[in-house]
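All values derive from a computational prediction rather than experimental measurement. Sequence lines set the chain letters: A, B, ... in the order given, protein chains first and strands last, and positions in each chain run from 1.
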Amino acid sequence: MRDDAKDISHFYLGVKDLFEFPRDPKEAIELQKKICSFVITEDYCDIEKVRLIGGIDVAYKGRGAKEGCAVALIWDRLTGETVEAVYVEESINFPYIPGLLSFRELPIAIKAFDKLSLKADLWMIDGAGIAHPRRLGIAAHFGVVLGLPAIGVAKSRLIGSHLSVPRTKGSWVPLRQNGEVIGHVLRTRSDVRPLYVSPGHKVSLLQSANLVLACCSRYRLPEPTRLAHQLVTAKVHSN
DNA sequence: GCGACAG
DNA sequence: ATCTTGTCGC
């Protein structure tokens, strides 16, 4: 199937299924198995022209972790400025289960996304892209549902193995499961724990690593994700 | 059966 | 993710 055909995944899978979030973990896994076939892991856009990059981060209030808060923002990598940022709250019921994070955080993430008036060229999401048991981490799920380019930026490993990463900024080694390369372990700052970067949707393995690196200045996390996290944390602490 | 396990 | 203080270092 051509990329162009896959691009209208909404038509084949049905909008109803794509925006559905089962309460039952087993149903969630079955849904992942269906949606993962629509993920595109190839060069899809000219990364040189990717200027507006979106970032989303979710935080929780209290120990019950029932109240979720999220910030979605759009960052302009040419000016280095945040062009727009929105904040939303929503009760979260689905528990955290390794491999099913999107069923817990994607609903509120989409709620925040919908509140934005501007459009980003590409999105960076906290968590895995295709570096996931069923190749559908939250970044891939997000990308397919919204039909937009997305990259998974995780601070720790979900699956896969890799060799040690050279200690200098910009170094990376492939993250693989069996023989398949599912992402890159990227050092975004010298002598600082590396990031686990993997394509979410409509971007390749190399584009993902290069874009994330291009968005890192003096911090471990790329600006879109770092700023979103900074805003939710501040918002949660003040309210 | 025993660990591992994004946020 | 969240509960939590100070502290070492560029």
Side-chain angles (χ1 to χ4, degrees), chain A residues 21 25 28-29 32 35-36 39 55-72 87-113 123-144 150-162 167-169 175-178 182-201 208-209 212 216-222 224-226 228-239:
Chain A
F21 293 100
I29 290 177
Q32 289 184 322
I35 299 178
C36 73
V39 174
I56 291 183
D57 192 52
V58 179
Y60 304 88
K61 287 186 174 182
R63 300 153 297 287
K66 292 294 182 182
E67 310 165 61
C69 312
V71 162
Y87 173 77
V88 298
E89 293 185 346
E90 183 176 275
S91 67
I92 293 180
N93 302 305
F94 201 94
Y96 169 67
I97 299 174
L100 298 180
L101 176 65
S102 61
F103 293 91
R104 175 177 171 74
E105 300 191 340
L106 202 48
I108 190 174
I110 292 177
K111 183 176 181 179
F113 171 89
W123 287 83
M124 289 190 180
I125 310 295
D126 288 295
I130 60 170
H132 175 279
R134 289 166 291 284
R135 302 293 180 270
L136 193 77
I138 188 170
H141 196 166
F142 175 93
V144 172
I151 296 174
V153 182
K155 295 181 290 299
S156 61
R157 187 191 67 85
L158 173 59
I159 60 166
S161 59
H162 62 87
R167 57 191 293 289
T168 59
K169 175 177 181 176
L175 174 65
R176 43 197 5 148
Q177 184 182 50
N178 301 316
I182 56 178
H184 286 319
V185 188
L186 177 68
R187 189 81 69 177
T188 54
R189 278 201 69 182
S190 296
D191 298 309
V192 170
R193 279 190 304 157
L195 253 33
Y196 292 76
V197 180
S198 61
H201 189 51
S208 300
V212 168
C216 292
S217 54
R218 43 188 289 216
Y219 302 96
R220 178 163 90 122
L221 297 176
T225 287
R226 189 183 72 78
H229 181 278
Q230 179 179 286
L231 286 183
V232 241
T233 301
K235 200 69 177 180
V236 168
H237 232 281
S238 64
N239 276 332

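- Taking CG from A:L221 and CZ from A:R226, the interatomic distance works out to 8.0 Å, rounded to the nearest 0.5 Å.
- Here CD1 of A:I130 is found 9.0 Å from CD1 of A:I159. Values are rounded to the nearest 0.5 Å.
- A 4.5 Å side-chain heavy-atom check between A:H132 and A:C36 finds every atom pair outside the cut-off.
- Heavy atoms of A:L106 sit nowhere under 4.0 angstrom from any nucleic acid atom.
- No engagement by A:I159 is indicated, since no non-hydrogen atom pair under 4.0 Å with the nucleic acid exists.
- The nearest whole Å value for the distance from the CZ atom in A:R104 to the P atom in C:dA1 is 12 Å.
- Side-chain contact between A:E105 and A:I138 is present, with heavy atoms from C-beta onward closer than 4.5 Å.
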Can you give me the dot-bracket string for DNA chain B, 5' to 3', counting Watson-Crick and G-U wobble pairs with both distances under 3.5 Å, using [ ] for crossing pairs and | for partners on another strand? .......
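- Relative ring orientation between A:F21 and A:H141 is described as tilted, the plane-to-plane angle lying within the 30° to 60° band.
- Using a 4.5 Å heavy-atom threshold, the side chains of A:D126 and A:T225 count as touching.
- Backbone-only engagement by A:A59 is indicated by non-hydrogen atom pairs under 4.0 Å involving sugar-phosphate atoms exclusively.
- Residue A:G99 is in base contact, counting any heavy-atom pair closer than 4.0 Å across all strands shown.
- Closest non-hydrogen pair, A:C216 versus A:R220, comes out as SG-O, 3.9 Å.
- The side chain of A:K155 contributes an N or O atom lying less than 4.0 Å from OP1 or OP2 of C:dA1.
- What separates CZ of A:R189 from P of C:dC10 is a distance of 12 Å, to the nearest Å.
- C:dT2 atom C1' lies 21 Å from atom NZ of A:K235, rounded to whole Å.
- The outermost nucleotides of DNA chain B lying under 4.0 Å from heavy atoms of chain A, listed 5' to 3', are B:dA4 to B:dG7.
- Taking atom CD of A:E90 as the reference point, atom C1' of C:dA1 lies 17 Å away to the nearest angstrom.
- At least one side-chain heavy atom of A:W123 sits less than 4.5 Å from a side-chain heavy atom of A:I56.
- Backbone-only engagement by A:A154 is indicated by non-hydrogen atom pairs under 4.0 Å involving sugar-phosphate atoms exclusively.
- Straight-line distance from the CD atom of A:E105 to the C1' atom of C:dT2: 13 Å, rounded to whole Å.
- Side-chain contact between A:Q32 and A:L100: present, with at least one pair of heavy atoms (C-beta onward) separated by less than 4.5 Å.
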